[in-house]
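Structure first, commentary second.
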There are 2 protein chains.
Amino acid sequence: MGANKIGRQAERVYLFVQHFGRRLREIDADLNLSPARFSVLSALAFHGRAKVGELARFERVRLPSMTRLVRDMETAGLVTRRRDRGDRRGVIVSLTPRGLALLKSARQRKIALVRKHLVRKSASRWRALDAALESLEHLTRGESAAGKEKAKHEH
Amino acid sequence: MGANKIGRQAERVYLFVQHFGRRLREIDADLNLSPARFSVLSALAFHGRAKVGELARFERVRLPSMTRLVRDMETAGLVTRRRDRGDRRGVIVSLTPRGLALLKSARQRKIALVRKHLVRKSASRWRALDAALESLEHLTRGESAAGKEKAKHEH
DNA sequence: TATTGTTATACTCTATAACTATA
DNA sequence: TATAGTTATAGAGTATAACAATA
C-alpha cells in the first residue's frame, strides 16, 4: 500500500468526521442544546449520577466551569444537584426526566439522519460499512491528543 | 435488512463521528486554535480571500460576530483585512502565511493520527473502508439540519 | 493539611440593536 | 433606501485566583 494512498484515505476519514460532526452539532443546536450541555447530559446518561468534580474531569474542564455549567443546567431543569451524604463536601448531579428526554430526542434525530442514508444501501455496501466501523472505532479508544483521558461516553 | 439493525448501524456511525470529532478538536486546541478560528481558516483556504459578510454566511454566524472574530484573528497574525476597491463598503479577508501554516499543521496532525491506525490494516479492511467512505461521504452533502447551507469546506 | 466546591473576575465567541459609510 | 461593516452591550462557556466547608 503506497504511503500517499494511506495519507489520502486518512484525510478522507478526518474530513468526513469534521463535516458530519458539524451536521450533528446543528441537530443539537436546533434543540437548543449547546455542545457543553449536550456533553454533560451524555456523561450523566452514561455514568449515572456524578459529582461536580467527576463531571469536570470527564469533560476536561476546570471545576469552576463545571460549577457554573451545572448550576445553569439546574436552572434550565435539565439536572438536579444535592449534597453527598457520605462526603458532605461533594455535590451529586443527576439527570431530570426533562434532561433525559432532551438527550434522547437529540439521539433519535441523529440516528434518523444517518438511517435515511443507510436504508438504500446494497448488501455489499452494508458489509463494507460494518467492517469499516470495526476498524474506525479503534480510533476513539486510544489515548487522546494531549495524553489526557477525554470521556468516550456521548451516547 | 431489519429496521433495528439499520438503527444500530446508524447509531454506530454518529457515535463514532461524535467521539472522534472530539479527538480532532483536541488537536486544534493543542495548537491553540479555537473551533471558530479553525473554521475561518478552513473557509479561507477553500474559497480564497473572502469578504467579512461572505465568511459570516459560510460559518452561519452574524456579521458582528464575524467582524470581531476576524479582527482578533488579524491581531493574532492569522489573516489580513483590506478595503474592497470595487465596492468600498466591503472588507476583504485573506490568510497570512502564518494562518496557512497553522491550518496545515492541524491538518497534518489529524492525518497522522488516522494514518497510524490505517497502516496496519489488511487489504480487505482497506477495501471495506474505501467503500464505506464512499457511502458515508454522501451524508455530508445533503441539506443541513436546519435547511441552511452550512459550508463544507473544512480542508 | 488536603479535598471539594463556590465566588470573583476576565477572555472568547456568540447574539441583537443602533450606528456609519457607501451604493 | 438598501447593503456592508462596525460599535455597544449582553449572555454562555471557559479560565485563574481566592475563599469556605468538610475530611
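Below, chains carry the letters A, B, ... as their sequence lines are ordered, and counting in each starts from 1.
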Exercise. Can you tell me if the side-chain N/O atoms of A:Arg81 get under 4.0 Å from OP1 or OP2 in C:dT6?
Worked result: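 Yes, within the criterion.
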Exercise. Side-chain N or O of B:Ser65 less than 4.0 angstrom from OP1 or OP2 on C:dC13?
Worked result: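 Indeed not, no polar side-chain atom of B:Ser65 lies that close.
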May I have the list of side-chain donor-acceptor pairs in residues 96-105 of chain B shorter than 3.5 Å, sequence neighbours left out?
{"unit_1": "B:Thr96", "atom_1": "OG1", "unit_2": "B:Gly77", "atom_2": "O", "d": "2.6"}
{"unit_1": "B:Thr96", "atom_1": "OG1", "unit_2": "B:Leu78", "atom_2": "O", "d": "3.0"}
{"unit_1": "B:Thr96", "atom_1": "OG1", "unit_2": "B:Arg98", "atom_2": "N", "d": "3.4"}
{"unit_1": "B:Thr96", "atom_1": "OG1", "unit_2": "B:Gly99", "atom_2": "N", "d": "3.0"}
{"unit_1": "B:Arg98", "atom_1": "NH1", "unit_2": "B:Ala76", "atom_2": "O", "d": "3.1"}

Can you give me the closest heavy-atom contact between [X] and [Y], atom names plus distance?
| X | Y | value |
| --- | --- | --- |
| B:Arg115 | A:Gly7 | NH1-CA, 3.3 Å |
| A:Lys51 | A:Gly90 | CD-CA, 4.1 Å |
| B:Ile111 | A:Ala10 | O-CB, 3.6 Å |
| A:Ala132 | B:Ala128 | CB-O, 4.1 Å |

Salt bridge [X]-[Y], side-chain N to carboxylate O under 4.0 Å:
| X | Y | value |
| --- | --- | --- |
| B:Asp130 | A:Arg12 | yes |
| A:Arg22 | B:Glu59 | yes |
| A:Lys110 | A:Asp28 | yes |
| B:Glu134 | A:Lys121 | no |

Exercise. When you measure from every atom of DNA chain D, which of residues 93-102 of chain B have a heavy atom less than 4.0 Å away?
Worked result: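 Nucleic-acid contacts, sorted: none.
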Tell me what [X] touches on the nucleic acid: a base, only sugar-phosphate, or nothing, going by heavy atoms under 4.0 Å.
| X | result |
| --- | --- |
| B:Leu63 | base |
| B:Asp87 | sugar-phosphate |
| A:Arg62 | base |

Whole-Å gap separating [atom2] ([N]) and [atom1] ([X]):
| X | N | atom1 | atom2 | answer |
| --- | --- | --- | --- | --- |
| B:Arg88 | D:dT3 | CZ | C1' | 16 Å |
| A:Arg82 | C:dG5 | CZ | P | 13 Å |
| B:Asp84 | C:dA23 | CG | C1' | 12 Å |
| B:Phe58 | D:dA4 | CZ | P | 13 Å |
| B:Glu59 | C:dA15 | CD | C1' | 16 Å |
| A:Lys51 | D:dT22 | NZ | C1' | 11 Å |
| B:Arg60 | C:dA15 | CZ | C1' | 17 Å |
| A:Leu55 | C:dT6 | CG | P | 11 Å |

Exercise. Looking at D:dT3, does its base get a donor-acceptor pair with the side chain of B:Arg89 below 3.5 Å?
Worked result: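 Yes, a donor-acceptor pair under 3.5 Å.
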Exercise. Is there a side-chain contact between B:Val93 and B:Met73, using heavy atoms and a 4.5 Å cut-off?
Worked result: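 B:Val93 does not reach B:Met73 side chain to side chain.
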Exercise. Between B:Met66 and A:Ala36, which has a closest nucleotide on DNA chain D that is more 5'?
Worked result: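 Upstream on the strand: B:Met66.
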For this session: Would you mind building the protein contact string for nucleotides 7-12 of chain C? One character per nucleotide, 5' to 3', B for base within reach (heavy atoms under 4.0 Å), S for sugar-phosphate only, - for untouched.
Result: B-B---
